[in-house]
K.L.:
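Structure provided below as structure tokens; questions to follow.
Values below: all heavy atoms of this structure, side chains included; hydrogens, waters and symmetry mates excluded.
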2 protein chains.
Amino acid sequence: MTLDPPWQPPAWSLDPSRPLYEQISRLIRTELACGRLAPGTRLPPVRELAVHLRVTPNTVMRAYVELERDGLIQTFRGQGTFVSRDPSVVTASRRALAREAVSYVERIAESMGMSVEALIRLAKGEDEGGDSA
Amino acid sequence: MTLDPPWQPPAWSLDPSRPLYEQISRLIRTELACGRLAPGTRLPPVRELAVHLRVTPNTVMRAYVELERDGLIQTFRGQGTFVSRDPSVVTASRRALAREAVSYVERIAESMGMSVEALIRLAKGEDEGGDSA
DNA sequence: GAAATTGTATTAAGTCATTTGATACAAAGT
DNA sequence: ACTTTGTATCAAATGACTTAATACAATTTC
């Protein structure tokens, strides 16, 4: 019995706007955070994922290294790459992604001199003033 | 009577993480959006701002071109560069910045399979489940 | 009109991160 | 042994960004 494909990336979302290795690691990060990638799941071998994503094994490797540096995955020579079995890394990853995104809007909101809530309201279409009364 | 400095950038916030011209245009965009840069205000000459920011006139020019392409500023040879007098561009710029930031979090939230509100709550520290009752 | 100011255009070069491509080695499984 | 898989290294190509220098064009100022 041959090994069945361990996990397939959900979509072809690699664009040249940002580094490929970053997009790859972010993709896996997200899949892990939302539970579509269960703890302990085996990831595709670097060579295989490289072919699938049309990049060099080196590039996939760079993404894997980054993920392992952050404790999200573990690699074993000859065996493969696996999502960490520690369930806390999932929640940690969720938090990290959430914090990253939210702190981004917070930065923008602050530079524009408004609250995040106001920023969202503004984006959604309501007027901006607040002093219309 | 000599021309007094038209407008001075608020802070030295140029880092190598992103393109310089992008940071410059974003800076002006933000200043315009939050009203610190009034319509019709004259911007520093490319050469002057270049010296002030320690970059090449070319780089400042690239930022100005980008801003003019979006209708936020207008340039006149021999006169200088001015913020558009059209007050609607301010509100449009506000909206654009807000939309950009919010759509970013929306994208992240969606990829994580949650709402923006939940994402913010998660980032702020409360638990994620919601089934804790 | 001459000079200064300011925007615009062009060209060559240099820097840097990213990516490729190739190759070799190391550890685990069969 | 042989295959699979991760790891390491190196040279090269690519491309975006930035610098630097220079010249030209329009407007203001003298």
K.L.:
Just the rounded figure in Å: distance from C1' of C:dG7 to CD of B:Glu48.
P.N.:
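Answer to the nearest Å: 14 Å.
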K.L.:
Does B:Glu100 form a side-chain contact (heavy atoms from CB on, under 4.5 Å) with A:Val105? I'd like the steps, not just the answer.
P.N.:
CA-CA 9 Å; B:Glu100 182 184 296; A:Val105 276; over 6 Å; no
K.L.:
Can you measure B:Ile24 atom CD1 to D:dC17 atom P for me and round it to whole angstrom units?
P.N.:
13 Å
K.L.:
Rounding to an integer number of Å, can you tell me how far B:Arg18 CZ sits from D:dT18 C1'?
P.N.:
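Taking atom C1' of D:dT18 as the reference, CZ of B:Arg18 is at 15 Å.
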K.L.:
In terms of side-chain heavy atoms of A:Thr75, which of D:dT18, D:dG6, C:dT8 is nearest?
P.N.:
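Of the options given, the side chain of A:Thr75 lies nearest D:dG6.
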K.L.:
For nucleotides 21-30 of chain C, read 5' to 3', which letter fits each nucleotide if B means a protein heavy atom sits under 4.0 Å from the base, S means only the sugar-phosphate is that close, and - means neither?
P.N.:
BB-B-BBS--
K.L.:
Can you tell me if B:Thr81 touches the phosphate of C:dT6, counting only side-chain N or O atoms and a distance under 4.0 Å to OP1 or OP2?
P.N.:
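Result: no.
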K.L.:
Sequence neighbours left out, what passes salt bridge (Lys or Arg N to Asp or Glu O under 4.0 Å) with B:Glu68? Give chain and number order.
P.N.:
none
K.L.:
Please tabulate, for side-chain N and O atoms in residues 59-66 of chain B, each donor-acceptor pair with protein atoms closer than 3.5 Å (sequence neighbours left out).
P.N.:
{"residue": "B:Tyr64", "atom": "OH", "partner": "B:Pro44", "partner atom": "O", "Å": "2.7"}
{"residue": "B:Glu66", "atom": "OE1", "partner": "B:Ser25", "partner atom": "OG", "Å": "2.9"}

K.L.:
What residue pairs, at least two apart or across chains, pass ring pair (Phe, Tyr, Trp, His ring centres under 6.0 Å) with a residue in residues 87-107 of chain A?
P.N.:
A:Tyr104-B:Tyr104
K.L.:
Whole angstroms only, please: what is the CZ-P distance between A:Phe82 and D:dT4?
P.N.:
16 Å
K.L.:
Quick one: list whatever passes salt bridge (Lys or Arg N to Asp or Glu O under 4.0 Å) with B:Asp70, sequence neighbours left out.
P.N.:
B:Arg29
K.L.:
Looking at the side chain of B:Tyr21, which of D:dC17, C:dT8, C:dT20 is the nearest nucleotide?
P.N.:
D:dC17
K.L.:
Just the rounded figure in Å: distance from C1' of D:dC17 to CD of B:Gln23.
P.N.:
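Atom-to-atom, B:Gln23 to D:dC17, this comes out as 12 Å.
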K.L.:
Among D:dC17, C:dT6, C:dT20, which is the nearest nucleotide to the side chain of B:Arg42?
P.N.:
C:dT6
K.L.:
Got a sec, which residues hit ring-ring contact (aromatic ring centres under 6.0 Å, His included) with B:Phe76, two or more places apart in sequence or on another chain?
P.N.:
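Testing B:Phe76 for ring-ring contact (aromatic ring centres under 6.0 Å, His included), a comparison that skips the adjacent residues, returns none.
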K.L.:
Name the residue from B:Thr75, B:Leu37, B:Leu49 that meets the side chain to side chain contact (heavy atoms under 4.5 Å, CB included) definition with B:Leu43.
P.N.:
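Among the candidates, only B:Leu37 passes.
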K.L.:
For A:Glu22, give me all partners under salt bridge (Lys or Arg N to Asp or Glu O under 4.0 Å), at least two apart in sequence or on another chain.
P.N.:
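A:Arg18.
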K.L.:
Rounded to whole angstrom units, what separation is found between the CG atom of A:Asp15 and the P atom of D:dA16?
P.N.:
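Answer to the nearest Å: 14 Å.
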K.L.:
Taking only residues two or more places apart in sequence, or in another chain, which ones meet A:Arg36 in a salt bridge (Lys or Arg N to Asp or Glu O under 4.0 Å)?
P.N.:
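So A:Arg36 forms a salt bridge (Lys or Arg N to Asp or Glu O under 4.0 Å) with A:Glu31.
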K.L.:
Using a strict heavy-atom distance below 4.0 Å, which residues from residues 59-73 of chain B are in contact with DNA chain D?
P.N.:
B:Thr59, B:Arg62
K.L.:
Just how far, in rounded Å, is P of C:dT19 from CZ of A:Arg54?
P.N.:
17 Å
K.L.:
Between C1' on C:dT8 and CG on B:Leu43, what's the gap in Å once rounded to a whole number?
P.N.:
17 Å
